[in-house]
Novice: 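Can you keep this structure in mind? I'll have questions shortly.
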Number of protein chains: 2
Amino acid sequence: MKKKELQGVKEIARRANVAIATVDRVIHNRGGVSEKTREKILAIIQELDYQPNLLARRLASGKSNRLVALIPSATPELDFWDAPRRGIQRADAEVRAYGLRVDELFFDLNDKQTFVEQTRLILANPPDGVVLAPMFVEEARAFAVACQEAGIPYVFIDSNIPDLPSLSYIGPPLFESGYLAGRLSTYALRGAGRVLVVNLAADLESFTYRRIEEGFRAYLTEHRRACLIDRIDLHETGQTAVSAALSAYLNNHPDLDLIFVTNSRTFLVARFLESSSLPAKPMLIGYDLVQKNSHYLQQGTIDFLICHQPEDQGYRSIMALYQHLVFQTPVEAVHYMPIDIVTRENSLFYEN
Amino acid sequence: MKKKELQGVKEIARRANVAIATVDRVIHNRGGVSEKTREKILAIIQELDYQPNLLARRLASGKSNRLVALIPSATPELDFWDAPRRGIQRADAEVRAYGLRVDELFFDLNDKQTFVEQTRLILANPPDGVVLAPMFVEEARAFAVACQEAGIPYVFIDSNIPDLPSLSYIGPPLFESGYLAGRLSTYALRGAGRVLVVNLAADLESFTYRRIEEGFRAYLTEHRRACLIDRIDLHETGQTAVSAALSAYLNNHPDLDLIFVTNSRTFLVARFLESSSLPAKPMLIGYDLVQKNSHYLQQGTIDFLICHQPEDQGYRSIMALYQHLVFQTPVEAVHYMPIDIVTRENSLFYEN
DNA sequence: CTGAAAGCGCTTACAG
DNA sequence: CTGAAAGCGCTTACAG
């Protein structure tokens, strides 16, 4: 009978003439091993091209990891964050069997304080990794720094704070996304053309909106020098405020060709356009296939929505942490999502 | 000292007053257990909401699975299949640690025989699952039937044979994809408009091209009744043949507004358009961001490319089999990919 | 029909 | 600095 061939640490231990525990020590750099035997073992590992069995490792160690995802809560009005959440849950389901668990925490997009409170809760019971939507820039920055100090890896999702050393940013390339909006807008421009950029958000300091607008303007500057570009910034995101501002603008500029809304609140503008009786409806371009936007896309009030695969963003953010924690695989520092153009015709399959 | 609490099968065995092996038997329906103890054990499993530890299961069983992916080979001229392949390899890397392995086999898109040979090889050494691009419909059908008989699950990727009971189809919704092309084409139509549909493939019997064209025509019929639609079918996919056919057509119809190519060989048409000196270049819409297409998209010769996330298709096809084999999770019979519109402006991030 | 035991490839105290 | 042993939660012969 042929003798059974040993595998893995056992075989290494046999060849090095040491105990398995010693092999384990050098594999994990736990120290307490003489340089001589250390090198002998290392050499054998090389020679055998040893690949640890991760199943066994995890089973034996009994370790499991807890991740926290801190994202805005979806509301009936604005369900954007349902999509990343689905992705997060899909990832959770896939890796649960391997000892990873994801806790979801939510904050209110209109209330900084809810964000701050959640970050406090997280730090009080530190997880092994964090997925974070840094909508409130300063507060997110403070939290990120705290995570760093606690040695907790974090990944940014959907928007970025580029100068922080996150494990990864998973989201759109903002400038280019705006640039594409610029290109799409040219389908509507007659003659010189008049364009309105609309920013609707509680926190307008966000890097996000500025970069998108820069990209948008860049395209038009390059291709439509004569085009006139105005802007409306609104901290209030209620329908009344939005309608009032647009109404006032359109009174002065009935010749408007196009409105570009820099985030998912595009439906607020669409709603206004539907209710007002303009001689010629301007083209409307915005972001994200949320339910209300989908409605106006079907109606034809919204012409294009730009999307960045929000579900996949959620999925990938968890998987990045998973790869990092379980496999110690290097993770790409920036994963730009594709910039998708969604129209009435392809919207059905975009929602999956 | 509090007594250690048992987990899993051990705890079940303790409560049922049987050996662990017996618990294992009922969990896996291996039979050879009296109805009475079987029911007792089942009840306890219910009560405990027992979830097997898949790590332990796989480690103990020592089982591993081999998958085979049979896809067209990428060529320097047409590198489309590089993308699904990358996805397949990414999935392979992710699940390798869990005992799944993927072998890749390739066939020549211009040579049915290479496909048939590969299927023979596969059946001679049956894998645990197959990913299959059924470009050659009849041959793929025969192979699928053979797989069924051998009890091997298979998933179709990129194109479908709907009446076969594949584990899953992962690819575009063809009709809707063509329908979107129809919508995009209307940007080019002046007046009634003249449109040319071009099919370029060795096997034109494919369900794929017909459905795409149906969708395309459906949009135009609904929205542009007066539009004239011609078609060129070409079994030869060399540049000379393509150029000759287009040249002849354009001589008779210099007023052409738009060309729609139903697959990734769009660059053949673009190349012809660049070399010929037409008074007004027709708009060109085609499929897939392959390298040559990307080039002509940058040039502006191609206006739109429709894409279906080919890398993700590869990734998901392996993962579907993985879920099925390892977790016995139900898999969705059809997973339609999004229909993406790629322009010069967003192409960079589409390639990842 | 049922059980006791070895083992999957690791990690983790514990002892020396 | 090093080793022997128990154990992670399962599965797999093997014995009865």
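The sequence lines fix the lettering, A, B, ..., with proteins before strands; numbering per chain opens at 1.
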Novice: Look at the side chain of B:Ser168 and the backbone N and O of B:Glu332, then say whether any donor-acceptor pair between them is shorter than 3.5 Å.
Specialist: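 Yes, because the side chain of B:Ser168 sits within donor-acceptor range (under 3.5 Å) of the backbone of B:Glu332.
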Novice: Apply side-chain contact (heavy atoms from CB on, under 4.5 Å) to B:Ser64 and list each qualifying residue two or more places apart in sequence or on a separate chain.
Specialist: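 Partners of B:Ser64 by the side-chain contact (heavy atoms from CB on, under 4.5 Å) criterion come out as none, since no residue qualifies.
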Novice: Report the residues that fulfil side-chain contact (heavy atoms from CB on, under 4.5 Å) with B:Glu117, sequence neighbours left out, ordered by chain and then residue number.
Specialist: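 Scan of B:Glu117 (side-chain contact (heavy atoms from CB on, under 4.5 Å), adjacent residues dropped) gives B:Gln113.
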Novice: Taking only distance into account, with no hydrogens and no angle test, what donor-acceptor pairs under 3.5 Å do side-chain atoms of residues 123-142 of chain B form with protein atoms, sequence neighbours excluded?
Specialist:
{"unit_1": "B:Asp128", "atom_1": "OD2", "unit_2": "B:Arg66", "atom_2": "N", "d": "2.7"}
{"unit_1": "B:Arg141", "atom_1": "NH1", "unit_2": "B:Asp163", "atom_2": "OD2", "d": "2.9"}
{"unit_1": "B:Arg141", "atom_1": "NH2", "unit_2": "B:Asp163", "atom_2": "OD1", "d": "3.4"}

Novice: Under the side-chain contact (heavy atoms from CB on, under 4.5 Å) test, which residues partner A:His324, sequence neighbours left out?
Specialist: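 Checked A:His324 against side-chain contact (heavy atoms from CB on, under 4.5 Å); matches are A:Pro153, A:Leu167, A:Val331.
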Novice: Test of understanding: with side-chain contact (heavy atoms from CB on, under 4.5 Å), list the residues that count as partners of A:Leu67, not counting sequence neighbours.
Specialist: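 Expected list: A:Leu100, A:Val102, A:Ile318, A:Leu321, A:Leu325.
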Novice: Please figure out whether A:Arg25 or A:Ile20 has its closest DNA chain C nucleotide nearer the 5' end.
Specialist: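 Result of the comparison: A:Ile20.
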Novice: Return the set of residues passing side-chain hydrogen bond (donor to acceptor under 3.5 Å, both in side chains) with A:Tyr50 (not counting sequence neighbours), or none when no residue passes.
Specialist: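 side-chain hydrogen bond (donor to acceptor under 3.5 Å, both in side chains) list for A:Tyr50, sorted by chain: empty.
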Novice: Whole angstrom is fine here: how far is it from CZ in A:Arg14 over to P in C:dG9?
Specialist: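 The distance from CZ of A:Arg14 to P of C:dG9 comes to 14 Å, rounded to the nearest Å.
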Novice: To the side chain of A:Thr22, which of C:dC8, D:dT2, D:dT12 is closest?
Specialist: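 Looking only at heavy atoms from C-beta outward on A:Thr22, the closest nucleotide is D:dT2.
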Novice: Is the backbone N or O of B:Asp108 less than 3.5 Å from a side-chain atom of B:Thr114, with the two atoms forming a donor-acceptor pair by type?
Specialist: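 Yes; judged by distance alone, with no hydrogens or angles, the pair exists.
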Novice: Restricting to ring pair (Phe, Tyr, Trp, His ring centres under 6.0 Å), what partner residues turn up for B:Phe115, sequence neighbours left out?
Specialist: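 Partners of B:Phe115 under the ring pair (Phe, Tyr, Trp, His ring centres under 6.0 Å) test: B:Phe107.
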Novice: Kindly write out the residues that satisfy side-chain hydrogen bond (donor to acceptor under 3.5 Å, both in side chains) with B:Tyr322, not counting sequence neighbours, or none if the list is empty.
Specialist: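 A:Tyr98.
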Novice: Given that both pair distances must be under 3.5 Å and the pair must be Watson-Crick or G-U, what runs of three or more consecutive pairs involve DNA chain C?
Specialist: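 Stems found: C:1-3 with D:14-16, C:5-12 with D:5-12, C:14-16 with D:1-3.
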Novice: For DNA chain D, what residues of residues 48-61 of chain A have any heavy atom nearer than 4.0 Å?
Specialist: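 Result for residues 48-61 of chain A: A:Leu59, A:Ala60, sorted by number.
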Novice: Could you tell me the separation between the CD1 atom of B:Ile12 and the C1' atom of D:dC10, rounded to a whole number of Å?
Specialist: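 These atoms are roughly 11 Å apart.
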Novice: If you take any heavy atom closer than 4.0 Å to DNA chain C, which residues from residues 27-42 of chain A end up in contact?
Specialist: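 Those residues are A:His28, A:Arg30.
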Novice: Donor-acceptor pairs are to be reported for all side-chain atoms of residues 42-49 of chain B against protein atoms at under 3.5 Å, with residues two or more places apart or in another chain.
Specialist:
{"unit_1": "B:Glu47", "atom_1": "OE2", "unit_2": "B:Arg15", "atom_2": "NH1", "d": "3.4"}
{"unit_1": "B:Asp49", "atom_1": "OD1", "unit_2": "B:Gln51", "atom_2": "NE2", "d": "3.4"}

Novice: C:dT12 phosphate, OP1 or OP2: any side-chain N/O from A:Lys63 under 4.0 angstrom?
Specialist: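 Yes, such a contact exists.
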